[in-house]
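By convention in this document, chain letters (A, B, ...) are assigned in the order of the sequence lines, proteins followed by strands, and residues within each chain are numbered from 1. Note that these values count all heavy atoms, side chains included, but never hydrogens, waters or copies made by symmetry. Treat the numbers as computed from the prediction; the structure is a model and nothing was measured.
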Amino acid sequence: RQQIRIVGSSTVFPFTATVVERFGQTTSFPAPILESTGTGGGMRLFCAGVGADHPDITGASRAMKASEFDQCQKNGVEEVTEIQIGFDGIAFAHSKAGPEINLTKAQLWQALAKEVEVNGQIVPNPHKRWSDVDPSLPNAPIEVLGPPPTSGTRDAWVELVMDTGCEEYPAVKSLAAARKKAVCQTMREDGAFIEAGENDNLIVQRLEQNKDAYGIFGFSYLEENLDKLKGATIAGVTPSFETIASGEYPISRPLFIYLKNAHVGVIPGLKEFVTEYVGERAAGEDGYLADKGLVAMPAERLAKVQETVKSLTPMAKPAS
Amino acid sequence: MSIQLTVAILLLLSAIGFWMGRSRAVAVSGGRIASLHSVPGYYGSFTAIWAGLPALLLVLFWLVLQAPVIEMLVLNGMSPESVLTWAQAALAPTELERVSGLVASQAADALGETQRQLLLINIRNMAAGQEAYVNPAVVEALRPAAAHYAELERIAGWSVFAVCMALAVGGLLLTRRLIAPRFRARNNVERVVIWALVVCSIIAILTTIGIVLSLLYESVRFFAYVPVTEFLFGLHWSPQTAIRADQVGSSGAFGAIPLFTGTLLISAVAMAVALPVGLLSAIYLAEYAPRRVRSTVKPVLEILAGIPTVVYGFFAILTVAPVVRTLGLDLGLDVSSNSALAAGVVMGIMIVPFISSLSDDVINAVPQSLRDGSYGLGATRSETIRQVILPAALPGIVGAFLLAISRAIGETMIVVMAAGMAANLTFNPLAAVTTVTVQIAALLTGDQEFESAKTLSAFALGLVLFFVTLVLNVVALRVVQKYREKYD
Amino acid sequence: MTELAEPMAAPGSFHTSEAAEKRLRRRYAAERRFKAYGIVAIAVACTMLVVLLYTILHNGVGAFTQTAIRLEVTLDAKTIDPKGTGNPADWDRAAFQDLVQDALYREFPDVSGRVPKRALRGLISPVAGVFLYREVLEDPSLVGQTRQFWLPASDDINQIRKGRIDRDLPESSRPVSDEQLAWLDRLVEQGKATSIFNTTFFTASDSNYPELAGIRGAVVGSVYLLFVTVILALPIGVATAVYLEEFAPKNHFTDLIEVNINNLAAVPSIVFGLLGLAVFLGFLGLPRSAPLVGGMVIALMSLPTIIIAARAALKAVPPSIREAALGMGASRLQTVMHHVLPLAMPGILTGTIIALAQALGETAPLLMVGMNAFVTEPPSGLLSSSSVLPVQVYIWADATERGFVELTSAAIMVLLAFLIMMNGAAIYLRKKFERRW
Amino acid sequence: MDNATLNTTAAAATVPSKPVKMAARGVKVFYGEKRALHGIDVDIYENEVLALIGPSGCGKSTFLRCLNRMNDTIDICRVEGLITLDGQDIHDPELDVVQLRARVGMVFQKPNPFPKSIYDNIVYGPRLHGLATRKDEFDQIVETSLRRAGLWNEVKDRLLEPGTGLSGGQQQRLCIARAIAVSPEVILMDEPCSALDPIATAHIEELIDELRQAFTIIIVTHNMQQAARVSQRTAFFHLGDMVEVGETEEIFTNPRDERTQGYITGRFG
Amino acid sequence: MDNATLNTTAAAATVPSKPVKMAARGVKVFYGEKRALHGIDVDIYENEVLALIGPSGCGKSTFLRCLNRMNDTIDICRVEGLITLDGQDIHDPELDVVQLRARVGMVFQKPNPFPKSIYDNIVYGPRLHGLATRKDEFDQIVETSLRRAGLWNEVKDRLLEPGTGLSGGQQQRLCIARAIAVSPEVILMDEPCSALDPIATAHIEELIDELRQAFTIIIVTHNMQQAARVSQRTAFFHLGDMVEVGETEEIFTNPRDERTQGYITGRFG
Ligand SMILES: Nc1ncnc2c1ncn2[C@@H]1O[C@H](COP(=O)(O)OP(=O)(O)OP(=O)(O)O)[C@@H](O)[C@H]1O
Ligand SMILES: Nc1ncnc2c1ncn2[C@@H]1O[C@H](COP(=O)(O)OP(=O)(O)OP(=O)(O)O)[C@@H](O)[C@H]1O
Ligand SMILES: [Mg+2]
Ligand SMILES: [Mg+2]
Ligand SMILES: O=P([O-])([O-])[O-]
């Protein structure tokens with residue numbers, strides 16, 4: 001095998017694909033082969049072993065989990081370099097025809113969780129309309145299209161919005177850890193929150209047809225469809241390159257690729273590829289990945305990542 | 001000697017064998033071809049088979065075994081120093097320590113399986129002359145091994161060539177001795193051909209065994225996490241929450257009932273569309289339509305069956321679902337934008353040709369004598385159709401219906417795109433539901449965990465699906481067979 | 001039989017009576033209603049087909065044209081060939097984009113500053129350099145010259161030009177700024193921007209940039225895949241059908257095979273994907289994303305359909321032909337090979353084509369064996385990674401750029417064209433060889 | 001259709017003893033381009049059994065099927081000429097084909113009971129034509145028809161069993177019972193015994209003889225002995241022509257045409 | 001198979017004038033559980049035409065198909081008893097069934113030419129059995145066979161047109177030509193004329209008479225006149241038994257068995 005093989009997250013996929021394409025166009029190495037398997041699926045393939053049959057790089061829209069790291073170790077994939085490539089904001093957006101809306105995480109939790117706190121009690125979510133959640137919100141039915149649990153975007157949403165949103169309610173705070181987690185993280189299933197499949201673009205297209213519906217998807221899709229959609233303001237911040245990069249916008253997450261060190265020097269072009277990926281031309285603020293919707297890292301962070309790539313410092317076991 | 005060349009030469013020998021066998025047969029017949037048991041061509045084929053087939057089988061066998069053997073020999077033959085040099089360049093310091101400790105005694109054995117793999121990639125690349133792809137630091141160290149590798153490959157190639165030639169020539173000589181006027185060449189050749197046919201038909205069985213085994217193996221592991229009863233009778237399906245450490249075992253997370261009901265619901269909607277449309281179309285085409293109309297409409301309808309399901313998925317979600325929703329809202333109904341109705345309707349459209357084509361066939365299979373009997377009594381066409389033809393064709397139509405249902409149950413892409421993932425236990429077609437196939441696709445293409453009940457559950461679902469379609473098919477087959485007996 | 005004396009309505013009296021006439025009118029009304037149901041049913045099915053095709057057509061036609069901008073590019077030899085070897089292999093391929101950008105800056109000399117220049121660059125495709133490189137590669141003598149080239153506009157500009165993004169929207173909510181619109185209008189006025197036929201769509205493979213994306217790789221992948229499928233499924237399917245129909249004794253074993261085949265025909269395609277994953281990838285260790293593996297999975301999947309069709313075709317050959325041949329002293333195998341199989345061949349081919357047409361549109365099982373790879377070049381062989389048409393559709397449907405929306409529909413159109421062609425071939429075969437015995 | 005009535009009466013005049021039930025004048029039938037009948041003229045009298053004989057493919061069945069317009073169901077078939085029932089043109093748009101077929105019943109070569117119960121087979125026609133409405137009326141019809149067809153005693157205990165479960169001869173009698181249940185005036189039979197064994201054949205032949213009391217019967221047969229046994233008059237067809245028609249006795253003992261002669265003495269066919 | 005030879009010779013002794021070509025001893029045939037033939041003993045002499053007659057379903061075809069083991073092709077069919085060809089047991093594993101069928105040819109009820117050219121229809125058998133190798137030899141065979149079948153003059157100008165384009169009678173003669181092209185010793189004909197018109201039938205009957213010079217012919221017919229015209233000896237079958245066999249004249253004028261009598265006089269069938 002002479003081509004690099006890359007698997008992993010569907011969120012990272014378009015960015016990796018862009019690098020792959022550029023790499024194929026501008027170097028004499030054969031273009032790497034890229035396959036979108038989802039973060040977890042990618043980890044599974046990546047950690048299955050060392051050798052020509054196993055991928056060299058996997059993309060992830062979240063950090064590697066401890067269990068995955070262990071699996072890697074068990075299968076002889078002992079040295080893995082963790083490389084952050086940038087940030088991805090998660091947009092909560094709706095049709096341009098809809099009203100302006102300004103939400104807090106607590107309100108989002110109230111609107112989307114299966115069980116919520118009402119008057120100090122934990123009850124099944126009674127809210128049918130936004131105005132039920134907070135009278136200041138529009139009097140429109142709650143209808144949110146979001147990613148299925150199999151997607152990294154969903155994980156991030158739960159972690160960044162739901163988990164923090166619920167913290168503001170004392171009755172929730174006082175729950176036992178396990179119960180609290182369940183209450184905080186479980187999305188409602190009565191039709192107000194709709195799991196709309198892995199295909200973010202389809203969510204975008206459906207929002208166009210239904211002005212009351214909101215969608216949860218990667219920021220890049222919002223960016224590309226600004227003529228039809230607008231992003232809701234979360235905690236007073238509208239999603240944009242700037243607010244995400246600066247960390248102001250509260251729902252954003254880092255994106256990673258993982259490199260199998262053992263393959264460097266065996267699979268041609270591997271190191272060159274990763275170097276290109278985190279190079280200024282790609283991952284820089286003005287790089288072509290930014291054109292694709294990736295929120296670039298601040299310069300000093302990028303420099304650190306470039307350093308890691310240069311030395312191929314293997315990662316340590318993650319905490320969780 | 002490359003395998004390709006060996007195979008080519010074998011084929012050539014086989015061809016020569018054909019010619020030899022043929023001319024030998026003509027020779028032994030003494031010019032009276034009719035005195036031979038078989039036509040000379042069969043003696044030729046007989047010779048060709050014996051010259052070619054055993055050797056080709058050997059080549060196939062060899063192809064499987066050659067690589068591992070050569071690799072083992074090469075690795076064992078490497079000097080400790082070169083292994084060490086390679087290890088220093090390629091391995092991480094921690095691994096290196098372990099390796100260098102052992103390397104003095106048993107070079108290759110010191111390496112773990114994964115390191116061997118890497119080393120072999122390098123050696124193979126070098127043996128193939130692609131030094132450019134190998135770390136320059138190890139090129140020199142690996143040169144002897146690469147040469148060894150190439151040498152072994154050469155030897156292997158020649159030896160397989162030699163053995164093949166021996167087999168082929170042996171076959172030629174043997175068959176030449178056998179050829180006599182009374183020798184039943186045709187019967188022998190035919191026996192080989194028929195065995196080949198048998199082998200082909202066994203592939204269908206192997207496929208089934210393969211499916212059942214690969215599903216069963218993973219399912220059994222799944223049932224180690226989740227009891228069968230819970231899976232089959234549980235009312236709650238939410239595989240995602242169960243992977244979080246604090247929720248494993250929370251009861252009902254793997255209850256597949258909502259998936260079954262969802263599948264049923266969508267299939268029911270689909271059949272509610274497909275059955276009347278399909279059946280009535282079939283009746284019209286078979287009994288009323290002029291020949292010309294029939295021969296254009298039928299293929300047009302069949303296009304519906306050929307359209308890729310991805311396309312239907314788009315159609316469902318971007319065209320039909322909004323229409324359904326708007327209509328529902330106008331009527332004051334609460335319609336989910338992922339309604340089972342939209343997915344079902346589109347699936348129904350897709351299935352129409354299955355029902356219409358199959359029904360058309362069974363309606364045509366109703367003997368003309370029954371129609372004549374009915375017309376002869378003064379029945380109109382529709383009376384004949386409703387009271388004689390349909391009852392007579394009913395078993396066949398039921399068969400078609402069952403096959404269409406199994407198609408609906410197994411359909412994936414439409415529901416993946418249009419039906420969503422919400423495992424609601426409901427029979428309301430306006431609500432969102434999910435199906436077994438959606439879950440399989442989602443569980444296996446999405447975020448997977450190792451060895452988790454979540455991933456494995458996909459295989460259990462696949463197993464259920466397999467058995468459901470099996471039962472439906474056996475029933476359909478029985479029904480159709482019963483029907484067949486009646487008129488044949 | 002003395003029962004003849006039994007009373008019975010006088011012959012004929014009833015059927016011409018008033019009551020019978022009235023009843024007759026009712027019966028004919030029912031007749032007309034019933035016939036109408038049939039017509040309605042067919043109309044419903046056909047309408048759906050038309051709506052479906054119309055939606056696709058409506059969304060997809062746009063993809064066949066593309067906005068191009070004419071720029072005067074100076075192909076500076078030093079920039080292109082820094083080593084000065086004159087060998088295209090040593091060219092700096094990344095430099096072509098810079099040349100394009102320089103040309104653009106020269107076209108608008110009044111634009112200066114980092115931010116306005118960035119906006120200006122937004123007019124032209126970020127991969128315009130690739131187009132330029134290809135043209136120069138074809139004619140290396142261009143190096144050093146200054147020439148006019150038609151280069152693709154960026155996706156946003158393309159969408160604006162086609163009206164897919166409304167240019168009357170407020171500036172903040174469209175991807176193209178007022179400034180850029182003004183530049184574009186100026187170019188259009190000068191005849192330096194126009195719509196051209198999108199040949200890239202047919203000559204290129206997958207890309208992240210809609211203006212550079214095409215279906216060639218997917219089409220080639222589909223062809224390879226179908227090739228594998230045909231090579232495997234046709235002979236095996238026909239052999240199985242021949243064995244079962246002409247040779248197999250009726251016993252439990254053949255019953256088992258028969259039930260099996262019928263069952264396999266209805267097994268959900270995704271289950272075949274699971275099988276391929278477990279056996280071809282897991283057990284045999286074949287590479288992911290390879291047309292070989294995809295073809296094998298699809299072959300297994302279409303095998304039952306082919307067998308069933310082939311058996312039907314064999315059954316349709318009248319027994320009198322078999323008897324004739326057997327009576328002449330042909331063996332069973334000879335009977336089959338000389339007479340039955342050739343006569344059944346059109347039917348077999350028809351069935352096979354239809355099975356293949358279905359296989360061509362199959363997505364789900366291919367996702368399981370990794371056929372959703374991103375590959376920017378047509379596969380070079382059966383083992384190299386590749387995508388196929390339906391999966392390409394599936395991938396493009398999720399791409400971020402707006403340009404992919406119409407590319408998706410266009411790819412569907414190509415896929416449908418293939419399907420209709422294959423169905424047409426099947427119908428033609430069926431017609432041509434339709435035989436009355 | 002005055003002309004038709006006239007003609008028919010004229011033809012009938014030659015044998016004045018019996019009224020004409022059906023008549024054919026210049027009946028030509030085409031299957032696509034091919035002409036199967038070249039112009040048939042014949043009168044069929046009330047309450048007689050007319051046998052049509054002739055070698056295979058001569059057009060007997062074709063002619064028979066013209067009489068109740070069963071040929072309408074064959075796309076490529078075209079009928080020319082005049083056929084009358086009680087003096088009325090059967091192609092007259094006034095006369096409905098459904099009505100015609102109720103009045104001119106048919107029994108086919110191969111017994112073709114519907115795959116329903118014996119009872120339902122019989123009441124099928126009466127129910128269509130509204131001959132009865134109440135259960136007891138239907139019961140009455142079933143019993144009468146089966147009795148007339150000589151089948152009642154054999155099946156009266158199993159009326160609800162499927163008609164397809166009967167033996168060949170019983171099935172054929174069931175078909176006859178089914179045909180007479182709608183009170184037709186004419187019954188057409190196309191080789192009704194050719195699929196039956198000798199005993200069943202004898203049964204049917206007896207039955208035909210008795211049915212003649214109430215119905216006009218036209219029977220196609222390839223068995224000359226049978227024609228001789230059951231019919232009063234016989235028509236001989238040859239290559240799409242009706243060669244001669246006359247009293248059965250006379251046709252068999254003293255045929256006027258040599259083709260008839262040749263056929264009857266077994267020189268061909 | 002000494003025993004067989006013995007028996008045959010013994011049977012042949014009763015009519016010593018002609019050598020026995022084929023013989024059956026105690027031939028029983030079962031279709032699954034059902035017995036279709038109950039033990040048939042008959043000798044067939046060289047260069048004679050033996051007619052098999054009897055009512056429908058009595059087993060004529062079944063017996064005929066035993067003689068060249070065409071019944072082997074029916075799964076559920078089982079044959080017991082001894083059949084010899086020139087004294088050799090035809091079930092002897094030494095004798096290949098393919099060779100048997102080349103020696104005992106068959107012509108079927110419905111003409112069934114292969115959908116190929118007339119020429120290819122004829123040369124199919126010779127090519128199969130390697131009777132010729134060169135083009136001119138094949139040409140020779142085609143001409144001889146067609147001449148013997150009385151078809152040469154009608155088709156000599158269109159040998160390359162498809163055989164299915166011929167008329168029914170021509171097709172049947174083509175099938176006969178095809179059968180004699182492999183120079184069989186015995187020809188079996190199963191109702192070869194029942195699908196044909198009188199003229200074609202007459203043609204074939206003439207042909208059979210001529211072929212008798214060179215071949216042994218066994219013909220099944222439901223037409224007694226035909227049996228009388230073409231055969232020297234006739235065997236009458238009834239319900240799976242061979243009731244009697246003898247000189248055709250005698251069977252028709254003076255049958256020994258009353259069932260034969262009944263059948264011949266048209267009392268049943
Ligand atoms: N449906 C049809 N299409 C074309 N030709 C037909 C059709 N039915 C009959 N014929 C032709 O019309 C001619 C007369 O056929 P018909 O069935 O009336 O003969 P028949 O006297 O009933 O013969 P048989 O004794 O075999 O039943 C024949 O040549 C036959 O081939
Ligand atoms: N393939 C078969 N399977 C089962 N039973 C059969 C089969 N062929 C013939 N029979 C039965 O064997 C008996 C003899 O049939 P056969 O065909 O030999 O009669 P036949 O004398 O040739 O009649 P016909 O004159 O109608 O051709 C019949 O009862 C028939 O039903
Ligand atoms: Mg007829
Ligand atoms: Mg027979
Ligand atoms: O593919 P994901 O990034 O959503 O895991």
Side-chain angles (χ1 to χ4, degrees), chain B residues 186 190 193-194 196-198 200-201 203-205 207-208 210-211 214-215 276-277 280-281 283-284 288 297 299-304 306-311 314-315 319 349 352 380-383 385 403 406-407 409-410 412-413 437 440-441 444-445 459 462 465-466 469-470 472-474 477, chain C residues 27-28 30-31 34-35 37-39 41-42 44-46 48-49 51-52 55-56 236 239-240 242-244 247 256-257 259-264 266-271 274-275 278-279 300 303-304 307 331 333 357-358 361-364 367-368 390 393-394 397 412 415-416 419-420 423 427:
Chain B
R186 181 181 50 73
E190 289 187 349
V193 174
I194 287 181
L197 296 183
V198 173
C200 285
S201 47
I203 287 184
I205 293 201
T207 309
T208 313
I211 288 178
S214 59
L215 292 178
V277 174
L280 288 170
S281 306
I283 289 172
Y284 185 82
Y288 286 104
V297 172
V300 167
L301 285 188
E302 277 166 5
I303 293 181
L304 281 174
I307 292 177
T309 50
V310 197
V311 178
F314 283 112
F315 186 58
T319 310
I349 294 165
V352 162
T380 62
R381 256 178 210 246
S382 66
E383 284 160 353
I385 292 166
L403 289 180
S406 60
R407 192 89 198 181
I409 289 178
T412 311
M413 286 328 274
T437 49
I440 294 180
L444 286 183
T445 54
F459 291 90
L465 211 54
F466 182 83
T469 45
L470 178 71
L472 279 176
N473 268 282
V474 170
L477 211 67
Chain C
R27 287 170 64 195
Y28 273 116
E31 170 79 20
F34 190 74
K35 197 170 166 182
Y37 294 151
I39 294 178
I42 289 182
V44 166
C46 291
M48 283 299 184
L49 184 64
V51 172
L52 181 61
T55 339
I56 294 163
I236 296 180
T240 307
V242 165
Y243 177 71
L244 291 178
F247 295 100
L256 182 72
I257 298 185
V259 171
N260 242 303
I261 288 168
N262 283 303
N263 183 44
L264 282 181
V267 167
S269 57
I270 194 159
V271 172
L274 293 181
L275 175 72
V279 175
L300 286 186
L303 204 50
I307 294 174
S331 69
L333 192 67
Q358 261 170 29
E362 200 54 67
T363 314
L367 293 182
M368 307 266 116
V393 169
Y394 187 70
I412 292 177
L415 184 51
L416 283 182
L419 288 172
I420 291 174
N423 273 331
I427 291 165

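- Both the backbone and the side chain of B:Ile307 have a heavy atom closer than 4.5 Å to some heavy atom of chain C.
- Heavy-atom distances place the side chain of C:Ile427, and not its backbone, under 4.5 Å from chain B.
- At distances below 3.5 Å, at least one donor-acceptor pair connects side-chain atoms of C:Thr240 with backbone N or O atoms of B:Cys200.
- Put simply, the side chain of C:Ile270 does not reach to within 4.5 Å of the side chain of B:Met413, judged on heavy atoms.
- For a residue to count as touching a neighbouring chain, one of its non-hydrogen atoms must lie under 4.5 Å from one of that chain's; by this rule C:Leu419 touches chain B with the side chain only.
- For the set C:Asn262, C:Leu256, C:Val279, C:Asn423, the count of heavy-atom pairs under 4.5 angstrom toward chain B peaks at C:Asn262.
- In this structure, the portions of B:Ser406 lying under 4.5 Å from any heavy atom of chain C include both its backbone and its side chain.
- Options C:Leu300, C:Leu303, C:Ile261, C:Val44 differ in how many heavy-atom pairs under 4.5 Å they form with chain B, and the most are formed by C:Leu300.
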- prompt: What's the verdict on side-chain contact (heavy atoms from CB on, under 4.5 Å) for B:Ser382 and C:Lys35, showing C-alpha distance, side-chain angles and the deciding distance?
  reply: CA-CA 8 Å; B:Ser382 66; C:Lys35 197 170 166 182; over 6 Å; no

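- Below 30°, between 30° and 60°, or above 60°: for C:Tyr37 and C:Phe34 the angle between ring planes is above 60°, a perpendicular geometry.
- Two residues are said to be in side-chain contact when any heavy atoms from C-beta on lie closer than 4.5 Å; C:Val393 and B:Phe314 meet this criterion.
- Of the atoms belonging to C:Ile420, it is side-chain heavy atoms, and not backbone ones, that fall under 4.5 Å from chain B.
- For B:Thr412, the part sitting under 4.5 Å from any heavy atom of chain C is the side chain, from C-beta outward, and nothing else.
- Both the backbone and the side chain of C:Leu52 have a heavy atom closer than 4.5 Å to some heavy atom of chain B.
- In this structure, the side chains of C:Pro390 and C:Glu362 stay at 4.5 Å or more apart for every pair of heavy atoms.
- For the set C:Leu274, C:Leu415, C:Val242, C:Leu244, the entry with the most heavy-atom pairs within less than 4.5 Å of chain B is C:Leu274.
- For the residue pair B:Ser201 and C:Ile257, the shortest heavy atom distance occurs at O-CG2, 3.9 Å.
- Scanning both residues, C:Leu416 and B:Pro308, for their nearest heavy atoms gives CD2-CD, 4.0 Å.
- For a residue to count as touching a neighbouring chain, one of its non-hydrogen atoms must lie under 4.5 Å from one of that chain's; by this rule B:Ile283 touches chain C with the side chain only.
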message: With salt bridge (charged side-chain N to carboxylate O under 4.0 Å, His left out) as the criterion, how do B:Arg381 and C:Glu31 come out once you've worked through the C-alpha distance, each side chain's angles and the decisive distance to 0.1 Å?
response: CA-CA 7 Å; B:Arg381 256 178 210 246; C:Glu31 170 79 20; 5.3 Å; no

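- Interface check for chain B: of the options C:Arg27, C:Gln358, C:Met48, the most heavy-atom pairs under 4.5 Å are formed by C:Arg27.
- Note that CD1 of C:Ile412 is 11.5 Å distant from CZ of B:Phe315, once rounded to the nearest 0.5 Å.
- The most heavy-atom pairs under 4.5 Å with chain C, out of B:Leu472, B:Leu215, B:Val198, come from B:Val198.
- At a 4.5 Å heavy-atom cutoff, the contact between C:Phe247 and chain B is made by side-chain atoms alone.
- Across every non-hydrogen atom of C:Cys46 and B:Val300, the tightest pair is SG-CG1, 4.4 Å.
- Between chain C and the residues B:Val474, B:Val352, B:Leu301, B:Ile303, the most heavy-atom pairs under 4.5 angstrom are made by B:Ile303.
- Ranked by non-hydrogen atom pairs under 4.5 Å with chain C, the options B:Ile194, B:Thr208, B:Ile203, B:Thr437 are led by B:Thr208.
- With respect to chain B, the highest number of heavy-atom pairs below 4.5 Å among C:Ile56, C:Ile307, C:Val51 belongs to C:Val51.
- Closest approach of B:Ser214 to B:Phe459, counting heavy atoms only: O-CD2, 4.1 Å.
- For the set B:Leu470, B:Thr469, B:Thr309, the count of heavy-atom pairs under 4.5 angstrom toward chain C peaks at B:Leu470.
- Comparing C:Ala41, C:Ala357, C:Ala364 by heavy-atom pairs within less than 4.5 Å of chain B, the highest count is held by C:Ala41.
- Contacts between B:Ile385 and chain C at a heavy-atom distance below 4.5 Å involve the side chain alone, from C-beta outward.
- Between chain C and the residues B:Val297, B:Ile409, B:Ile349, the largest count of heavy-atom pairs under 4.5 Å involves B:Ile349.
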